[in-house]
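Written out below as structure tokens is the structure these notes cover.
For the single chain, residues carry numbers from 1 onward in sequence order.
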Amino acid sequence: MAAVASSSPVGFRRICGLPVSSSSELSGQSQLHCKPTISPFKSELFGSAVRVNLEKHSGKGNCRGRLPAARVVSPKAVSDSSYSQTCLDPDASTSVLGIILGGGAGTRLYPLTKKRAKPAVPLGANYRLIDIPVSNCLNSNISKIYVLTQFNSASLNRHLSRAYASNMGGYKNEGFVEVLAAQQSPENPNWFQGTADAVRQYLWLFEEHDVLEYLILAGDHLYRMDYEKFIQAHRETDADITVAALPMDEKRATAFGLMKIDEEGRIIEFAEKPKGEALKAMRVDTTILGLDDKRAKEMPYIASMGIYVFSKDAMLNLLREKFPGANDFGSEVIPGATSIGLRVQAYLYDGYWEDIGTIEAFYNANLGITKKPVPDFSFYDRSSPIYTQPRYLPPSKMLNADVTDSVIGEGCVIKNCKIHHSVIGLRSCISEGAVIEDTLLMGADYYETDADRRLLAAKGGVPIGIGQNSHIKRAIIDKNARIGENVKIINSENVQEAARETDGYFIKSGIVTVIKDALIPSGTII
């Protein structure tokens with residue numbers, strides 16, 4: 001496939017058995033901003049080759065007509081799953097600015113947020129939460145990205161600069177991922193007061209970019225989404241604001257902002273976290289959004305995902321002129337925009353999405369990637385990969401280990417132990433006889449040298465990692481934790497809530513969380 005990707009379009013057409021177009025047809029198509037759709041067909045040369053369909057666009061995001069010329073196919077274009085065509089004119093890379101909101105203090109995720117911002121919390125063995133929205137942006141051809149934060153931003157800054165700084169720019173490519181921390185100014189001496197206030201305080205910077213839309217994202221959600229389709233729907237409906245919406249069942253609906261829509265998908269009513277009769281009043285026929293009758297009955301509510309596309313002029317007008325005192329998008333700005341007659345549209349997202357706002361949600365989302373036969377969220381989709389910082393770690397080493405239904409990060413050393421239904425983070429060191437069950441180990445930021453370990457042993461200290469014959473069940477072990485020998489973290493008394501910060505751990509929703517850099521001495525029973 002690599003040889004085909006580097007050959008000429010004409011050569012590619014001949015190999016694939018497609019009609020060859022004249023050179024004049026091949027030229028003049030260089031400005032096309034269409035995603036290719038891929039369909040498999042049989043070929044003796046490839047075994048399973050690909051046919052590339054590209055369609056010409058005309059006007060505002062419309063796609064019409066078959067292109068006479070094929071385009072060069074790169075490996076990124078070979079999708080694991082079929083997707084529909086998107087044609088944006090102008091292209092998303094030049095016309096959309098991504099703004100990722102880092103969230104507040106993250107008190108519900110404490111102690112994971114004790115020394116880091118919420119978007120910097122490690123995820124899925126190798127990644128951090130911020131990698132999800134940034135990767136979704138890059139896969140959607142959005143390369144101008146700001147991340148707004150005001151709490152513990154050191155590790156977030158470090159991760160973003162290492163992961164994205166070196167490969168975003170370049171000739172004719174003004175891409176960037178930058179952190180904007182809350183700051184004082186003559187006009188505003190306050191911290192960010194909410195999502196809308198955070199964006200308002202940096203409007204002076206955002207409006208310098210010559211773009212059509214602002215894409216507002218959250219930094220603590222786990223999902224995979226093609227924002228180009230989202231933006232195309234926004235343009236085709238001529239909306240001022242488009243809100244990503246999720247069909248929702250009654251049990252979960254009370255935790256979200258709910259919406260009612262008309263037959264055109266326009267939002268006509270909002271309710272923030274309604275309960276009782278107010279909740280029942282927000283029921284809608286979700287078949288309008290394309291759900292079948294069975295699923296529409298199971299999910300009769302439409303919840304806001306906290307993801308928005310704003311037209312640039314609408315954003316400036318709303319935050320500066322119409323609602324200069326509004327602090328929050330979901331509960332103030334967007335209901336207000338509806339009330340003054342702006343066109344606010346809903347856009348259905350019907351896939352896996354998880355708001356990682358609590359310890360329990362974070363734990364379940366991580367262990368969900370070990371689910372058989374299909375995980376809740378997959379990091380293995382090569383059509384839209386999740387990027388992170390390159391650490392150049394060695395492959396994980398497992399010596400006589402019994403590992404089942406688990407995900408192992410890179411650079412781990414796992415000796416003669418048992419691991420079941422767990423996620424093991426990068427650089428984890430697990431000693432002989434340990435048993436790890438239903439647990440998230442976040443790993444370590446560095447390796448200890450043999451000299452370090454000898455010095456620790458001489459002083460009776462505990463090295464980073466899991467000690468011999470320790471048993472850990474239903475727990476989260478944060479980075480660089482030192483778990484001694486014969487430790488039992490099993491919560492045998494099924495305690496639901498406990499704050500033992502001085503002892504190095506918390507219990508929330510029955511899940512034991514060992515704090516970053518904590519020391520759990522040998523023989524401890526939790």
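- The aromatic rings of Y202 and F206 sit tilted, their planes meeting at an angle between 30° and 60°.
- Side chains of T195 and D328: a donor-acceptor N/O pair is present below 3.5 angstrom, by distance only.
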Report the C-alpha distance between M225 and Y347 in whole Å, list the side-chain angles of each, state the deciding distance to 0.1 Å, and finish with yes or no for side-chain contact (heavy atoms from CB on, under 4.5 Å). CA-CA 12 Å; M225 184 175 181; Y347 171 83; 3.6 Å; yes
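- Proximity of a side-chain donor or acceptor of N139 to a complementary backbone N or O of P385 within less than 3.5 Å is detected.
- In terms of heavy-atom proximity, E354 sits nearest to A365 at CG-CB, 4.3 Å.
- To the nearest 0.5 Å, atoms CG (L348) and CD1 (I302) are separated by 8.0 Å.
- The CG atom of L217 lies 6.0 Å from the CD1 atom of I307; values are rounded to the nearest 0.5 Å.
- When side chains are defined from C-beta on, I464 does not count as touching Y447, because their heavy atoms never get closer than 4.5 Å.
- Salt-bridge check for R252 with D249: failed, with every basic side-chain N at 4.0 Å or more from each acidic carboxylate O.
- Ring centers of Y214 and F310: at least 6.0 Å apart, outside the cut-off.
- Residues N416 and L399 fail the side-chain proximity criterion, which asks for heavy atoms closer than 4.5 Å.
- No donor-acceptor contact under 3.5 angstrom links the side chains of E493 and N491, judged on distance only.
- Interatomic distance, D197 CG to E332 CD, rounded to the nearest 0.5 Å: 10.0 Å.
- At a threshold of 4.5 Å between non-hydrogen side-chain atoms, the residues L393 and L426 count as touching.
- Put simply, the side chain of E178 does not reach to within 4.5 Å of the side chain of L160, judged on heavy atoms.
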With side-chain contact (heavy atoms from CB on, under 4.5 Å) as the criterion, how do F256 and Y301 come out once you've worked through the C-alpha distance, each side chain's angles and the decisive distance to 0.1 Å? CA-CA 10 Å; F256 293 91; Y301 298 97; over 6 Å; no
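- Using a 30° and 60° split on the angle between ring planes, F379 and F377 fall in the perpendicular class, above 60°.
- For the pair K273 and A255, the tightest heavy-atom approach, listed with the atom from each and the gap, is CE-O, 3.5 Å.
- In terms of modelled atom types and a separation under 3.5 Å, the side chain of T113 and the main chain of P111 share no donor-acceptor contact.
- Of all heavy-atom pairs spanning A198 and L148, the tightest one is O-CD2, 3.5 Å.
- Side-chain atoms of R128 come within 3.5 Å of backbone atoms of A120 as a donor-acceptor pair (strictly under, hydrogens ignored).
- Counting only distance, with no hydrogens or angles, the side chain of S509 and the backbone of I511 share no donor-acceptor pair below 3.5 Å.
- Taking the six-membered ring wherever Trp is involved, the centroid distance between the rings of Y387 and Y127 does not fall below 6.0 Å.
- Under the 3.5 Å distance criterion, with hydrogens and angles disregarded, a donor-acceptor pair is assigned to the side chains of S384 and R224.
- Among R116, K115, K516, the one residue that satisfies the salt bridge (Lys or Arg N to Asp or Glu O under 4.0 Å) test with D478 is R116.
- Y164 and D131 share a donor-acceptor pair across their side chains, judged by distance under 3.5 Å alone.
- A heavy-atom distance below 4.5 Å is not found between the side chains of I483 and V462.
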Step-by-step salt bridge (Lys or Arg N to Asp or Glu O under 4.0 Å) determination, D402 to K418: CA-CA 5 Å; D402 178 9; K418 184 178 179 185; 5.1 Å; no
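- The side chain to side chain contact (heavy atoms under 4.5 Å, CB included) check on S428 picks up C412, I424, L441, with sequence neighbours excluded.
- In this structure, CD1 on I520 lies 14.5 Å from NZ on K488, to the nearest 0.5 angstrom.
- Judged by the 6.0 Å and 45° rule, R427 forms no cation-pi pair with Y446.
- Residues D220 and K118 are paired through a salt bridge, judged by an N-O separation under 4.0 Å between the basic side chain and the carboxylate.
- Counting only distance, with no hydrogens or angles, the side chain of N364 and the backbone of L367 share no donor-acceptor pair below 3.5 Å.
- Within a 6.0 Å radius of NZ in K251, other residues, nucleotides and ligands contribute 12 heavy atoms or fewer.
- The backbone N or O of A92 sits nowhere less than 3.5 Å from a side-chain atom of E228 that would complete a donor-acceptor pair.
- For the pair S470 (side chain) and G484 (backbone), a donor-acceptor distance under 3.5 Å is present.
- In this structure, a donor-acceptor pair under 3.5 Å is absent between the side chains of H420 and E437.
- Aromatic ring pairs are classed by plane angle as parallel below 30°, tilted from 30° to 60° and perpendicular above 60°; the pair H221 and W353 is perpendicular.
- A donor and an acceptor atom, one from each side chain of D405 and T370, are nowhere located under 3.5 Å apart.
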Could you walk me through whether V487 and I489 pass the side-chain contact (heavy atoms from CB on, under 4.5 Å) test, one step at a time? CA-CA 7 Å; V487 170; I489 303 176; 3.7 Å; yes
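- In this structure the side chain of L440 never reaches within 4.5 angstrom of the side chain of I477, judged on heavy atoms.
- Residue A361 comes nearest to D355 through the heavy atom pair CB-O, 3.7 Å, listed as atom of the first residue, atom of the second, then distance.
- Proximity of a side-chain donor or acceptor of T439 to a complementary backbone N or O of I436 within less than 3.5 Å is not detected.
- Under the 3.5 Å distance criterion, the side-chain polar atoms of E360 are left unmatched by any main-chain donor or acceptor of K508.
- In this structure, a donor-acceptor pair under 3.5 Å is present between the side chains of T449 and D452.
- Between A434 and G467, the shortest heavy-atom contact is CB-O, 4.0 Å.
- Of the possible donor and acceptor atoms, none in the side chain of Q468 sits under 3.5 Å from a partner among the backbone N and O of E432.
- Between the side chains of Y110 and E501, a donor-acceptor pair is found at a separation under 3.5 Å.
- Interatomic distance, C137 SG to L215 CG, rounded to the nearest 0.5 Å: 5.5 Å.
- A 4.5 Å side-chain heavy-atom check between Y352 and L222 finds at least one atom pair inside the cut-off.
- Under the 6.0 Å cut-off for aromatic ring centres, Y146 and F176 qualify, their centroids lying closer than that.
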Between R474 and V512, is the side-chain contact (heavy atoms from CB on, under 4.5 Å) condition met? List the steps. CA-CA 7 Å; R474 192 169 159 76; V512 180; over 6 Å; no
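- At most 12 heavy atoms of other shown residues, nucleotides or ligands fall within 6.0 angstrom of atom CZ in R500.
- Closest heavy-atom contact between V407 and A125: CG1-CB, 4.4 Å.
- Y363 and D438 share no side-chain donor-acceptor pair at under 3.5 Å.
- Atom NZ of residue K371 and atom NE2 of residue H421 lie 8.0 Å apart, to the nearest 0.5 angstrom.
- Contact check for I476 versus V514: no side-chain heavy atoms found under the 4.5 Å cut-off.
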